Number of protein chains: 2
Amino acid sequence: MSDAAPREEPASAGIKDVAALAGVSIATVSNALNHRERVAAPTLDRIDRAIGMLGYIPNGAARSLAAGRTRSFGLVLSDLGNSLFVDIARGAERAADERGLSIVLANSDGELEREDRYVELFAETRVRGVLLTLNDASHFRAIVGRHAHGQPLVMLNLHDDSGRYCTASIDNEAGGHLATAHLLETGRRRIVFVGGPDSLQPVDDRRRGFRRALAQAGLTPVDEVSPTWVNRADGWQVGRALAERVRAGEVDGIVAASDLLAAGIVQALSEHGAIPVPDQVGVIGYDNNQAAWDAPIPISTISQPGEELGFVGAHLLIDEVEQPGHEHRAIRLNPELIVRRSTER
Amino acid sequence: MSDAAPREEPASAGIKDVAALAGVSIATVSNALNHRERVAAPTLDRIDRAIGMLGYIPNGAARSLAAGRTRSFGLVLSDLGNSLFVDIARGAERAADERGLSIVLANSDGELEREDRYVELFAETRVRGVLLTLNDASHFRAIVGRHAHGQPLVMLNLHDDSGRYCTASIDNEAGGHLATAHLLETGRRRIVFVGGPDSLQPVDDRRRGFRRALAQAGLTPVDEVSPTWVNRADGWQVGRALAERVRAGEVDGIVAASDLLAAGIVQALSEHGAIPVPDQVGVIGYDNNQAAWDAPIPISTISQPGEELGFVGAHLLIDEVEQPGHEHRAIRLNPELIVRRSTER
DNA sequence: TTGTATGCGTTATCAT
DNA sequence: ATGATAACGCATACAA
């Protein structure tokens, strides 16, 4: 009621308040916090109680300033809308958990400016190191140029064996090859690749794998079509256009650069001409999306070990941070074939 | 070659190195960093150059320790696999950007233990405040109990007007009502609700909205079915089971608790009995997923303003942090009807 | 406009 | 087992 309202200060208690309440020195409190074994049980008890009463929360800033380091890593994600990156985050978190470390995330949306900004923000935070997911080789170059050496940084989802950084990525060329080889093994011979714009490096790599597989079999691609994008609607259009040729026997296999694409194709095929999949044409997708699994005709696909990618990447980073003689490595993970109805024979 | 190798120290330069190189005091460097207007142009120039040469990066820990606060917020997300939460993150980032603040993310996977842990980690980091997304009312209670008051915390996606916290959420009951009302307006009268397990609070709210809309129209639900989950495969099964009754004229409208569910239903309907949607039965989904938009028969749906939710939530938090007389508010956002083919008349 | 000096809340070193 | 105290790297009064 008066202006001298004794406004209770929830202003967070400090270590010295705890020390006072527990009747010990701040050094002992600090020990109780970081080296429990160094302090006697009864003392520990009083301290813990004091901490509880005051709702004391250590100040991380002071802590890392004094300790000279953090207990967390930063992870910059390219695209929160893509389950691959979410898997990566999961894997990285699992690896961090093992060591009692935490992972802080940031979303770059694939924009160079934001990739830059968050790498720097994390640098200021003095995280132990940063994991950066990248799709675009040009971004890689830009960041390498700007990056203040000394801050451990490993690149995810982009391969680079120049030895300047650790990188971990998934072999898209191998994936494209895998998908195509599977179609060949099930007896298909007239195969077409349905990809996206060349600007997407992963798609381009898959296309190269496709070509190599055909070449090894002594075949040449029937065709390669590049819709403007890689979602279901695009697949539907492509499927419609392809239906004719499938019925004419000109095409008996389709390698799609994404599951959404594949799902659209299969759908268009069955609606527009009642073309039996997999009997008359085998279709395989990429990504192991839910869409592929959910489809009325479950679609064969290539699964990417996203979680393992994050896990491996985090370990690379941990090694770089902890091992004195660390040498940069470029790890490439292998995708995996998942056979479902759409390619059965 | 000798063991006295003059290992170059990339050990990050400090503010005093910059000061030395620029021939000024550290206070001036600090001013150059935080109050550029206070320092003379030529001096500024020398300092900037020095910073560049040394690759100086301010130590965030020291900075916030001295300043007493951070320039970032924490955001704990329930489910990175759900686009709603990704949208929330986007909105929150946009709000933060406006004020020159950053947002750090963490993924709780909806697990109480991780929600707790990250709220605490952020507390230690002394972020300005924390945004926490929650699905489960029981988690809310647990966290409220444990939470050390004083740390600004706003809850997202969960409504609570007890006045203890700011909350921002989307009105799922209204969404269910909206969907049902739309079906009623297009002349449907025999409507069934297809939901998920009751344990999902949002689904349950939508069901309540459905009931209310029917009651207002003086109708009773034809039926309510609860598949074990809410994805496409579940919808497909439900659709198969429903086909018979639709053909018999017992059902002419379906409110699904998710777009995936709706897509599966429509698909099963058209395959299993060639039942024309929307002519014979209107189907509406929820979420405004890509799946709904991509489907061969585009599906009407309820769109959730996730980005706005994040935006509003961040503003609530900013207000709580900056305004002395702040009072907690519980904001409820309205979902929106999106009409597409599947309910046309 | 620039420099000096103090303190932020911890951890770690060294005594005791 | 515990306590005193010096860093940690910077921001900010305040003095010059």
Side-chain angles (χ1 to χ4, degrees), chain A residues 9-48 50-51 54-72 121 123-128 148 150-151, chain B residues 9 11-48 50-51 54-71 121 123-128 148 150-151:
Chain A
E9 285 289 84
S12 47
I15 197 174
K16 70 181 58 163
D17 301 307
V18 176
L21 208 171
V24 298
S25 77
I26 66 166
T28 303
V29 176
S30 177
N31 277 330
L33 253 35
N34 306 302
H35 312 279
R36 294 187 80 79
E37 75 281 1
R38 291 186 197 167
V39 35
T43 320
L44 211 51
D45 208 57
R46 271 157 42 223
I47 295 181
D48 284 344
I51 289 182
L54 274 51
Y56 166 69
I57 295 180
N59 181 323
R63 199 173 228 191
S64 28
L65 179 56
R69 57 183 187 169
T70 318
R71 291 201 59 72
S72 52
L121 174 67
E124 292 186 11
T125 303
R126 293 297 192 271
V127 294
R128 292 270 248 273
Q151 162 83 319
Chain B
E9 285 289 84
S12 47
I15 197 175
K16 68 181 61 163
D17 300 307
V18 176
L21 208 170
V24 299
S25 78
I26 67 166
T28 304
V29 175
S30 176
N31 276 329
L33 253 36
N34 306 302
H35 311 279
R36 296 186 76 80
E37 74 282 2
R38 292 186 195 167
V39 37
T43 320
L44 212 51
D45 209 55
R46 275 161 36 227
I47 294 180
D48 284 344
I51 289 182
L54 272 49
Y56 166 69
I57 296 180
N59 181 323
R63 199 179 246 207
S64 25
L65 181 55
R69 57 185 188 165
T70 317
R71 291 201 59 71
L121 175 67
E124 291 187 10
T125 303
R126 293 298 193 270
V127 293
R128 291 269 249 276
Q151 163 81 322

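Chain letters run A, B, ... following the sequence lines, proteins first and then strands; every chain starts at 1. The model shown is predicted, which means the values in this text are computed figures rather than measured ones. Both backbone and side-chain heavy atoms feed into the values below; hydrogens, waters and symmetry mates do not.
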>> Val39(A) vs Val24(A), test: side-chain contact (heavy atoms from CB on, under 4.5 Å). Steps then yes/no.
In response: CA-CA 11 Å; Val39(A) 35; Val24(A) 298; over 6 Å; no

Just the rounded figure in Å: distance from [atom2] of [N] to [atom1] of [X].
X: Glu37(B); N: dT2(C); atom1: CD; atom2: C1'; value: 14 Å
X: Arg71(B); N: dC10(D); atom1: CZ; atom2: C1'; value: 16 Å
X: Arg36(A); N: dT2(D); atom1: CZ; atom2: P; value: 13 Å
X: Glu124(B); N: dT11(C); atom1: CD; atom2: C1'; value: 14 Å
X: Lys16(A); N: dT10(C); atom1: NZ; atom2: C1'; value: 10 Å
X: Ile51(A); N: dT10(C); atom1: CD1; atom2: P; value: 10 Å
X: Ile26(A); N: dT5(D); atom1: CD1; atom2: P; value: 11 Å
X: Leu65(A); N: dC10(D); atom1: CG; atom2: P; value: 9 Å

Side chain of [X] only, heavy atoms from C-beta on: which candidate in [options] is closest?
X: Tyr56(B); options: dC10(D), dT2(C), dG9(C); result: dC10(D)
X: Asn34(A); options: dA11(D), dT11(C), dT12(D); result: dT11(C)
X: Ala62(B); options: dG9(C), dC10(D), dA11(D); result: dC10(D)
X: Asn31(A); options: dT4(C), dT2(D), dT11(C); result: dT2(D)

Under 4.0 angstrom, heavy atoms only, what part of the nucleic acid is [X] near: base, sugar-phosphate, or nothing?
X: Val24(A); answer: sugar-phosphate
X: Arg63(A); answer: sugar-phosphate
X: Ala27(B); answer: base
X: Ser64(B); answer: nothing

> Is there a side-chain contact (heavy atoms from CB on, under 4.5 Å) between Arg71(B) and Leu121(A) once you walk through the steps?
Replying inline: CA-CA 10 Å; Arg71(B) 291 201 59 71; Leu121(A) 174 67; over 6 Å; no

>> If you assign each of Ala40(B) and Ile15(A) to its closest nucleotide in DNA chain C, which residue comes earlier from the 5' end?
In response: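 It is Ala40(B), whose closest nucleotide lies nearer the 5' terminus.
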
Phosphate OP1/OP2 of [N]: any [X] side-chain N/O under 4.0 Å:
X: Ser25(B); N: dT4(C); result: no
X: Thr43(A); N: dT2(D); result: yes
X: Thr28(A); N: dT2(D); result: no

> Under 4.5 Å between any side-chain heavy atoms of Arg126(B) and Arg69(B), yes or no?
Replying inline: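 When only atoms from C-beta onward are counted, Arg69(B) and Arg126(B) do not touch, as no gap falls below 4.5 Å.
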
> Does Leu21(A) reach the side chain of Asp17(A), with side-chain heavy atoms less than 4.5 Å apart?
Replying inline: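 Result no, sub-4.5 Å side-chain heavy-atom pair not found.
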
> For the residue pair Ala50(B) and Ala22(B), what are the closest heavy atoms and their distance?
Replying inline: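 For Ala50(B) and Ala22(B), the tightest heavy-atom pair comes out as CB-CB, 4.1 Å.
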
>> Pick the closest DNA chain D nucleotide for Ala61(B) and for His35(B) by heavy atoms, then say which residue is nearer the 5' end.
In response: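 Checking each residue's closest nucleotide, the 5'-ward one belongs to Ala61(B).
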
> Does the pair Leu33(B) and Arg63(B) meet the rule for a side-chain contact (heavy atoms from CB on, under 4.5 Å), with working shown?
Replying inline: CA-CA 11 Å; Leu33(B) 253 36; Arg63(B) 199 179 246 207; 4.0 Å; yes

